[in-house]
Amino acid sequence: MSDAGKCPVDHAALAPPPDKCPVDHTTRSSWATLLPSSPPDPHSHPNGAPASLPLDRETSSIPKTDGGNWVYPSQAQFYAAMARKNHDPQPSDMQVIVPIHNAVNERAWMEVMKWEAGQGGDRCGGVKLVSFKGRPKELSPRARWRTLLGYSPPFDRHDWIVDRCGTRIRYVIDFYTGRATGPAANNLSFYLDARPALDGWDGAKMRIERFWERCVGKLWSSPAPPERAQTRP
């Protein structure tokens with residue numbers, strides 16, 4: 001299998017080589033603990049994984065800095081990684097866990113792209129993901145504030161580094177879980193709070209612009225006060 005089918009990131013460097021996975025495995029992120037620390041032989045099952053589990057890996061929509069897109073782990077890889085962490089995985093659960101993991105990360109990238117819209121990344125072929133780091137034990141300032149207000153804390157936090165035409169921007173993503181309402185009330189739902197970090201001018205500028213757009217939008221959408229009825233003398 002070519003390098004494009006391997007899990008591609010260096011855990012210690014910002015710019016990842018093409019033969020490792022983009023997760024910082026020194027942290028105990030809810031997602032990172034499920035990912036293998038090194039890619040197994042793509043033609044054989046990882047140690048401990050049942051032969052019935054697929055080896056197929058889904059290619060994400062998230063572009064890499066060195067070309068191509070990131071590739072998610074297979075069901076067999078997930079199972080083997082969970083077994084190594086003593087999570088007592090069940091083979092039948094993999095067909096649910098893996099799609100959820102992939103879908104949540106796709107949603108996270110969509111949220112990042114909403115922020116990046118109109119920021120000029122299209123001039124150089126689009127914004128690309130450099131790396132991400134799980135920081136589940138470190139509440140972001142916003143998550144800490146929401147917790148003080150009585151909301152449940154996020155079950156995970158990621159810091160994503162993206163490249164926009166040579167400019168590196170860090171995004172903070174808090175992952176919350178809940179339950180959907182209506183016909184799908186028994187299904188899990190996820191809420192992602194993604195925003196650029198306030199550790200640079202680009203992030204601060206985008207946050208200010210978003211705040212201003214929301215304020216102006218509310219002003220324009222506010223209904224006009226009713227006119228007073230004039231009484232004739």
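Please read these numbers as outputs of a predicted model, since none were measured by experiment.
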A.B. asks: Could you pull out all residues at least two apart from D93 that satisfy salt bridge (charged side-chain N to carboxylate O under 4.0 Å, His left out)?
C.D. replies: none

A.B. asks: Once side chain to side chain donor-acceptor pair (under 3.5 Å) is applied, do any residues pair with R107, and if so which ones, sequence neighbours excluded?
C.D. replies: E111

A.B. asks: Could you name each residue pair satisfying disulfide bond (SG atoms under 2.5 Å apart) that touches residues 125-162, not counting sequence neighbours?
C.D. replies: none

A.B. asks: Could you note down all residue pairs passing disulfide bond (SG atoms under 2.5 Å apart) where residues 82-173 supplies at least one of them, sequence neighbours left out?
C.D. replies: C124-C165

A.B. asks: Each residue besides L149 in its hydrophobic cluster should be listed here, by chain and number; the cluster joins Ile, Leu, Val, Met, Phe, Trp and Tyr at side-chain heavy-atom distances under 4.5 Å.
C.D. replies: W145, L148, Y151

A.B. asks: With under 30° as parallel and over 60° as perpendicular, where do the rings of F175 and F155 fit, or are they tilted in between?
C.D. replies: tilted

A.B. asks: If every non-hydrogen atom of V172 is compared with every non-hydrogen atom of R157, which pair is closest and at what distance?
C.D. replies: CG1-NE, 3.8 Å

A.B. asks: Salt-bridge test for R168 and D163: reply yes if a basic N is under 4.0 Å from a carboxylate O, no otherwise.
C.D. replies: yes

A.B. asks: Please collect all disulfide bond (SG atoms under 2.5 Å apart) contacts where either partner lies in residues 54-104, sequence neighbours excluded, each pair once.
C.D. replies: none

A.B. asks: Check whether the ring centres of F132 and W160 lie less than 6.0 Å apart, and answer yes or no.
C.D. replies: yes

A.B. asks: Tell me every residue that passes side chain to side chain donor-acceptor pair (under 3.5 Å) with N102, counting only those two or more places apart in sequence or in another chain.
C.D. replies: E58

A.B. asks: Among Ile, Leu, Val, Met, Phe, Trp and Tyr joined by side-chain contacts under 4.5 Å, find the other residues sharing a cluster with Y191 and list them by chain and number.
C.D. replies: Y176

A.B. asks: Of all residues at least two apart in sequence or in a different chain, which pass the side chain to side chain contact (heavy atoms under 4.5 Å, CB included) check with P91?
C.D. replies: P50, L53, Y79

A.B. asks: With sequence neighbours excluded, what pairs up with E106 under the salt bridge (charged side-chain N to carboxylate O under 4.0 Å, His left out) test?
C.D. replies: none

A.B. asks: Can you find a pair of side-chain heavy atoms, one from D56 and one from S74, that are under 4.5 Å apart?
C.D. replies: no

A.B. asks: Could you give the side-chain donor-acceptor pairs of residues 192-200 under 3.5 Å, partners two or more places apart or in another chain?
C.D. replies:
from	atom 1	to	atom 2	distance (Å)
D193	OD1	R142	NH1	2.8
D193	OD2	R142	NH1	3.2
R195	NH1	D174	OD2	2.9
R195	NH1	D193	O	2.9
R195	NH2	S140	OG	2.8
R195	NH2	D174	OD2	3.1
D199	OD2	R170	NE	2.8
D199	OD2	R170	NH2	3.0

A.B. asks: Rounded at 0.5 Å granularity, tell me how far CD in Q77 sits from CE in M94.
C.D. replies: 12.5 Å

A.B. asks: Hydrophobic clustering (ILVMFWY, side-chain heavy atoms < 4.5 Å, transitive) - are L139 and I173 grouped together?
C.D. replies: no

A.B. asks: If a pair satisfies salt bridge (charged side-chain N to carboxylate O under 4.0 Å, His left out) and one of its residues is in residues 115-129, list it, with sequence neighbours excluded.
C.D. replies: E116-R164

A.B. asks: Measure across W115 and M206 and return the closest heavy-atom pair with its distance rounded to 0.1 Å.
C.D. replies: CZ3-O, 3.4 Å

